Amino acid sequence: MAGNLSPERAALLGRIGGLTTSARTDSIERTQPARDKFLSQFLDEVDPNRVLPEAERNRRAEAARKAHFQKLALKSAAARRKVSD
């Protein structure tokens, strides 16, 4: 059946499904496992053996997370500059 759907109909059905899920569930709860996994990557990066005190490990992981997003912002700005040139 999926092969017979036009891209427009498939997109519409996808939006309907997403909105139905959002209406029936708590989005914070639903996405918590993904957020936990994402943040654990920074904890592993800064203290893979878990030897630092928890407060220091969390402080460093937060700094690593912020650095990650700053790198993404830098790449995004470079891509926008390239397109506008």
Side-chain angles (χ1 to χ4, degrees):
M1 179 178 161
N4 298 333
L5 290 178
S6 70
E8 295 81 14
R9 184 163 172 80
L12 178 59
L13 290 172
R15 281 193 299 275
I16 290 168
L19 291 168
T20 300
T21 298
S22 291
R24 293 180 179 166
T25 62
D26 178 4
S27 62
I28 300 296
E29 222 175 81
R30 187 176 63 252
T31 59
Q32 189 64 52
R35 286 194 311 280
D36 290 344
K37 177 66 176 168
F38 179 70
L39 293 175
S40 75
Q41 294 171 348
F42 298 108
L43 292 169
D44 292 341
E45 176 185 327
V46 300
D47 188 21
N49 298 320
R50 301 298 194 262
V51 296
L52 293 171
E54 185 177 0
E56 180 63 13
R57 180 174 47 250
N58 289 335
R59 184 194 68 76
R60 291 183 187 193
E62 179 63 14
R65 185 188 70 79
K66 287 179 179 181
H68 170 76
F69 281 108
Q70 289 298 305
K71 290 174 192 173
L72 290 178
L74 187 64
K75 286 182 180 181
S76 176
R80 287 192 309 274
R81 260 192 317 276
K82 187 176 181 180
V83 168
S84 70
D85 288 343

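The chain is numbered in sequence order, starting from 1. The structure displayed is predicted, hence computed values, not measured ones.
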(message) Count I, L, V, M, F, W, Y as connected when their side-chain heavy atoms are under 4.5 Å apart, and connections chain through other members. Are F42 and F69 then in the same cluster?
(response) yes
(message) Using side-chain heavy atoms (C-beta onward) and a distance below 4.5 Å, is D36 in contact with Q32?
(response) yes
(message) Measuring from atom CG of L43 to atom CZ of R65, what distance do you get when rounded to the nearest 0.5 angstrom?
(response) 11.5 Å
(request) Could you grab the distance from atom CD of E45 to atom NE2 of H68, nearest 0.5 Å is fine? (result) 9.5 Å
(message) Under a 3.5 Å distance rule, please check whether T25 uses its side chain to pair with a backbone N or O of S22 as donor and acceptor.
(response) no
(request) Side-chain contact test, heavy atoms from C-beta onward, threshold under 4.5 Å: evaluate it for Q70 versus L74 and give yes or no. (result) no
(message) Could you list the cluster mates of I28? Members are the ILVMFWY residues connected by side-chain heavy atoms closer than 4.5 Å, either directly or through other members.
(response) none
(request) Sequence neighbours left out, what passes salt bridge (Lys or Arg N to Asp or Glu O under 4.0 Å) with E56? Give chain and number order. (result) R59, R60
(request) Take R80 and S84, measure what side-chain hydrogen bond (donor to acceptor under 3.5 Å, both in side chains) needs, and give me the verdict at the end. (result) CA-CA 6 Å; R80 287 192 309 274; S84 70; over 6 Å; no
(request) Search all heavy atoms of V46 against all heavy atoms of A61 and return the closest pair with its distance. (result) CG2-N, 3.8 Å
(message) Suppose we screen for salt bridge (Lys or Arg N to Asp or Glu O under 4.0 Å). Which residues come up paired with R15, at least two apart in sequence or across chains?
(response) none
(message) Treating S40 as the side-chain partner and K37 as the backbone partner, does any N or O pair qualify as donor plus acceptor under 3.5 Å?
(response) yes
(request) Determine whether more than 12 heavy atoms belonging to other residues, nucleotides or ligands lie under 6.0 Å from atom CZ of R50. (result) yes
(message) Working to the nearest 0.5 angstrom, can you tell me the gap between R24 CZ and L19 CG?
(response) 11.5 Å
(request) May I ask you to decide if V51's main-chain N or O and D47's side chain share a donor-acceptor pair within less than 3.5 Å? (result) yes
